[in-house]
Amino acid sequence: MSSRSSSLLLTRVSIGLVSIVSVLIGLAVPATGSATPTAMPASGSAASRPLLSPPALGAQVSALVAGATDEWTLHQTPEGWLIDPVLGRATSSYGLAMTGQSMVVLGVSRADPALIEDGLRAELAEVAQPDDGGFELLALSEAFAWNDHHLAGMGAWAAARGAIATFIATHAPLVSDAGDCYSEERCYDNLKLVAAVADLSLLQTGLPNFTLGTPAAIRAEALAALARAARNAGTDARRIGTPGFRGAGILSDPGRNPLAYHALSTLMLGQAVQSLGASAPASVIAAFSRCARALIGLMAPDGDVAYIGRGQGQVWTAAASIDALSIAAQMTRSATWRGRYLAGAALELSRLRALYPRDGWGLPLVPRLAGGLASGLAGGDSGQAPGQAPNYLGIDGYANTVQYNGLALWALSEAAHTLSLIPPTPYQAVPSTENGTFLDPSHTKFATVTDGSLWYAIHGTDSDPADARYGFGLISVERDTAQGWRAVLPYPPLTSALTSTPATSGPTLIRDGRSPHGRSGHGRSGDGRSGEQVLHPVKTRIAASSSGAVTIHAAWGAADGNAADGKTPGGKAPAANAKAANPELATTWVYRPTSTPTSTEDGAENSITLSFHAHANCAYQFPVWYWTGSQMRIGRAGLTITAPNGSSQSYDFSTAVAIHTSSEIYHSAYAEDLSSIILTVPAASRPREVRYTTTLSG
């Protein structure tokens, strides 16, 4: 650590006011066997480190599940439905069955027949209006097997059993809204992996299924899906630094590769390996190991695992990570890796407590809804505008609180059980809290860098120009403060539903140097209003060095598939969403941490500098997101934004820039109201080197 000891770091590995160190110290069991917690050492051999007690961590997870489950019983209709706190009505989703089973299990642990009956009513409500998806079959199959074993002789289960058994036995082939990929045999999709785990769970019920085929056929289809997932899992992700490691890989939905769905895919691979036991294929076990390594490698110091793409900030991402890392900790033979996985699980639990506190409706779907559900109005530390009714703006349209509370409770319950089976293990630091770089060069194409009190993520491609959450370049930044690690840049908002929005979180190239007319300075190639072309980075390659430099080589292409000359090869119409590259405009982008020792001795500020070669007659646009209500100081070559919480972000160029504000209001999982500014490096008649520095303080 640059001028900061690792012992100081260990006192600050936290989010908000909830410290992972306090969690870990509370779990520490000295080698002597005494129950007295011990202080966390900065370094040393495994023998000198405190032992983490996974069962104690599991007990804390169970307590969180119990508290959230109890709250949902207050919002259940007589028919068993759960009322969504934002929609204000009952919703039908697989989360209903998952939360219902959480009620059943909690009721058994308390010998509470009424709570058991509440849970069974929720499961029957799910059966009454199914969604025919994999999560639903997974939830009800697991529930059936558990209930048959634990509720034998109970009248309520005897009354519900027949309907649930019939539902499982007649469940049709699983359906999905994932599009062509789901029906294409060779294409990987996370829902295919969910379906495979659901099929394995169905087999464990002992029930026949009259539409999916014989048990042998169902198992064969599940194994084929698992093999497909294993083939799609990356092999080239790695960490450079201390600790350094290779043998990691990303597995997410191809094309966009959102990180949230790497966490889900990792969990589902682990669940499949657990279900198959000794018969699990070696290739699937190896793929799970690579994915688990990548999950702990990409994890931000505050526990965020969903900082690129859809699923941003959703509660299930932390819960799924706890479960996946718990399975990895149980499976690995390495005490070092077990310690890392357990530290990651503890960090995720800390994140859940800090950013998703219970507020009468279980766990909030995203951080900005925390604190506003009980009253129906935002306030306090909520990320919503004060006095505004909770809403799902800026959140993926398929997401709601009932559904993803259920998924979170299911994953956490599974994790608590797995943790109870793991022996005490010496503590290891979460890798991102130590200097180094994590790199995925092939799937999501991103790198993260930790440099002293600074951590940041660089996305090496613009995998969905319509949605800023997938944007190119600097996409997430955290600083180690007196309150622990915390995000210091606004998370990019969901922009796909908006009409006058920047097309990317990273650079946009305006060929011939003229900015398109209208649309707040944003435009598209071939809009009929100007001869200019709006191009985005394509055909990208990303690399990273031990010094923390992240280098991206990119060509430029139009989002509508037109080549940079406005024509398509051979006069043919471009394929949908194709991106034709123009190698003549190829650009090399280099991001480096540029904090100076004097600026970081007291943690006052940190900076990241982007350097690139600007082509002649080309302008470059860079969007900046900021919290509405911030104060601005604009200069010739940049600006400084001071947020309502007192923190500031400065954006400075080595040349004069044009600054244009947008009147659009944006929304993310963390903030209800965001605004944007477009910084434009004007075209010049000659090529030149440009530097763009982002400085964070406060």
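Summarising the geometry, atom CG belonging to L412 is positioned 8.0 Å from atom CG belonging to L349; distances are rounded to the nearest 0.5 Å. Distance check, rounded to the nearest 0.5 Å: OH of Y427 to CZ of R340 gives 11.5 Å. Rounding to the nearest 0.5 angstrom, the gap separating the CG atom in N606 from the CD atom in E478 is 12.0 Å. The distance from atom OG of S420 to atom CD of Q330, rounded to the nearest 0.5 Å, is 8.5 Å. To the nearest 0.5 Å, atoms CG (D480) and OG1 (T433) are separated by 9.0 Å. In this structure, OH on Y94 lies 13.0 Å from CG on L140, to the nearest 0.5 angstrom.
One N or O on the side chain of N257 and one on the backbone of H443 form a donor-acceptor pair closer than 3.5 Å. Listed for the N190 side chain is no donor-acceptor partner under 3.5 Å among the backbone atoms of S252. A donor-acceptor contact shorter than 3.5 Å links the side chain of R338 to the backbone of A329. In this structure, D304 contributes its side chain and A300 its backbone to no donor-acceptor pair below 3.5 Å. A donor-acceptor pair under 3.5 Å is absent between the side-chain atoms of T332 and the main chain of A328, judged by distance alone. Side chain of D396 to main chain of A399: no donor-acceptor pair is present (N/O by atom type, distance under 3.5 Å, no hydrogens or angles). D440 places a side-chain N or O within donor-acceptor distance of the main-chain N or O of K445, the cut-off being under 3.5 Å. No donor-acceptor distance shorter than 3.5 angstrom exists from the side chain of R351 to the backbone of A318, with no hydrogens or angles considered. Using a distance-only test at 3.5 Å, with no hydrogens or angles considered, a donor-acceptor pair links the side chain of S334 to the main chain of T336. For S109 (side chain) and L106 (main-chain N/O), a donor-acceptor pair under 3.5 Å exists by modelled atom type.
Contact of the I308 side chain with the T444 side chain is registered, since non-hydrogen atoms from C-beta on lie closer than 4.5 Å. Residues T448 and T437 are not in side-chain contact: their nearest non-hydrogen atoms beyond the backbone lie 4.5 Å or more apart. Side-chain atoms of P243 and E434, non-hydrogen and from C-beta on, do get closer than 4.5 Å to each other. Residues L207 and L202 form no side-chain contact, since every pair of their non-hydrogen atoms from C-beta on lies 4.5 Å or further apart. Between W410 and L138 the shortest side-chain heavy-atom distance falls below 4.5 Å. Between L51 and T425 the shortest side-chain heavy-atom distance does not fall below 4.5 Å. Side-chain contact between P55 and L419: absent, with no pair of heavy atoms (C-beta onward) separated by less than 4.5 Å. L474 places a side-chain heavy atom less than 4.5 Å from the side chain of V477.
S326 approaches T418 most closely through the heavy-atom pair O-CG2, 3.5 Å. Nearest approach of A229 to L193, heavy atoms of both residues: CB-CD1, 4.2 Å. A248 and A294 get closest at one heavy-atom pair: CB-N, 3.7 Å. Between A408 and V315, the shortest heavy-atom contact is CB-CG1, 4.4 Å. Minimum interatomic distance between S265 and Y188 (heavy atoms only, all atoms of both residues): OG-OH, 2.7 Å. Contact detail for S321 and V305: the closest heavy-atom pair is OG-CG2, 3.4 Å.
Sorted by first and then second residue, the pairs that involve residues 251-282 and meet ring pair (Phe, Tyr, Trp, His ring centres under 6.0 Å), not counting sequence neighbours, are Y261-W316. Identified under the salt bridge (Lys or Arg N to Asp or Glu O under 4.0 Å) test for residues 273-285, with sequence neighbours left out: none. Screening residues 308-318 for salt bridge (Lys or Arg N to Asp or Glu O under 4.0 Å), with sequence neighbours left out, gives D253-R310.
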Practice task
Would you check, one step at a time, whether the test salt bridge (charged side-chain N to carboxylate O under 4.0 Å, His left out) holds for R486 with D302?
Solution key: CA-CA 6 Å; R486 63 184 181 92; D302 76 341; over 6 Å; no
Handout entry: Working for salt bridge (charged side-chain N to carboxylate O under 4.0 Å, His left out), residues D199 and R219
Key = CA-CA 7 Å; D199 285 346; R219 179 181 175 88; over 6 Å; no
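Taking a 6.0 Å sphere around NE2 of H417, one finds it holds 12 or fewer heavy atoms contributed by other residues, nucleotides or ligands. The environment of Q274 atom CD is dense: over 12 non-hydrogen atoms of other residues, nucleotides or ligands sit within 6.0 angstrom.
In this structure, a donor-acceptor pair under 3.5 Å is absent between the side chains of D451 and Y456. When only modelled atom types and interatomic distance are considered, S93 and Y404 share no side-chain donor-acceptor pair under 3.5 Å. Judged purely by distance below 3.5 Å, without hydrogens or angles, the side chains of Q101 and N147 pair a donor atom with an acceptor atom. For the 3.5 Å distance criterion, the side chains of S432 and T450 fail to qualify, holding no donor opposite an acceptor. A donor-acceptor contact closer than 3.5 angstrom links the side chains of S547 and S545.
Aromatic pair F245/W337: centroids less than 6.0 angstrom apart. Here W455 and Y307 bring their ring centres to under 6.0 angstrom of each other.
Just one residue in the list M268, M331, Q271 forms a side chain to side chain contact (heavy atoms under 4.5 Å, CB included) with F288, and that residue is M331.
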